[in-house]
Amino acid sequence: MSDDIREVLLDLQLIDTPDRPEGMVVLRRSDVPEDRRAEADEFVVSQGGMIGHKPLFEVIGGKTPQGASVSESFYALPPAAFLAQ
């Protein structure tokens, strides 16, 4: 597994939700290996992204991806976060 958290996140499947937060890509947090989630959480927030649960995405106009549980959390972050600095 890569040391760079960007590469870990880039390997995840994008979640296709019709009304995701504008300008953001959405990833399922549970797809990140458990031992890397705290690091991923910090990275997402530091890059201007957010960690949300189903109600957050409903409140800002998006829809939770089909098949997701009510308690499941997601990352929404700008595509520029994946560019190496």
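With contacts defined as side-chain heavy-atom distances shorter than 4.5 Å, the pair Met50/Phe74 does not qualify. Looking at Leu77 and Val45, their side chains never come closer than 4.5 Å, going by heavy atoms from C-beta outward. Looking at heavy atoms from C-beta onward, Arg37 lies in side-chain contact with Arg29 at the 4.5 angstrom threshold. Considering only heavy atoms from C-beta on, Val25 stays 4.5 Å or farther from Pro78 through its side chain.
In terms of hydrophobic clustering, with Ile, Leu, Val, Met, Phe, Trp and Tyr side chains grouped at heavy-atom distances under 4.5 Å, Leu10 and Phe43 are assigned to a common cluster. By the rule that hydrophobic residues join a cluster once side-chain heavy atoms approach within less than 4.5 Å of another member, Val44 and Met24 end up as members of separate clusters. A chain of hydrophobic side-chain contacts below 4.5 Å, direct or via other Ile, Leu, Val, Met, Phe, Trp or Tyr residues, connects Ile51 to Val8.
Listed here is the closest heavy atom pair of Arg6 and Leu83: NE-O, 3.2 Å. Considering all non-hydrogen atoms of both residues, Leu9 and Ala40 come closest at CD2-CB, 4.3 Å.
With sequence neighbours excluded, the residues that form a side chain to side chain contact (heavy atoms under 4.5 Å, CB included) with Asp31 are Leu12, Arg28. Remark: Glu42 engages no residue in a side-chain hydrogen bond (donor to acceptor under 3.5 Å, both in side chains) (not counting sequence neighbours).
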One pair to check against side chain to side chain contact (heavy atoms under 4.5 Å, CB included): Leu14 and Leu27. What are the steps and the verdict?
CA-CA 5 Å; Leu14 295 177; Leu27 306 167; 3.4 Å; yes
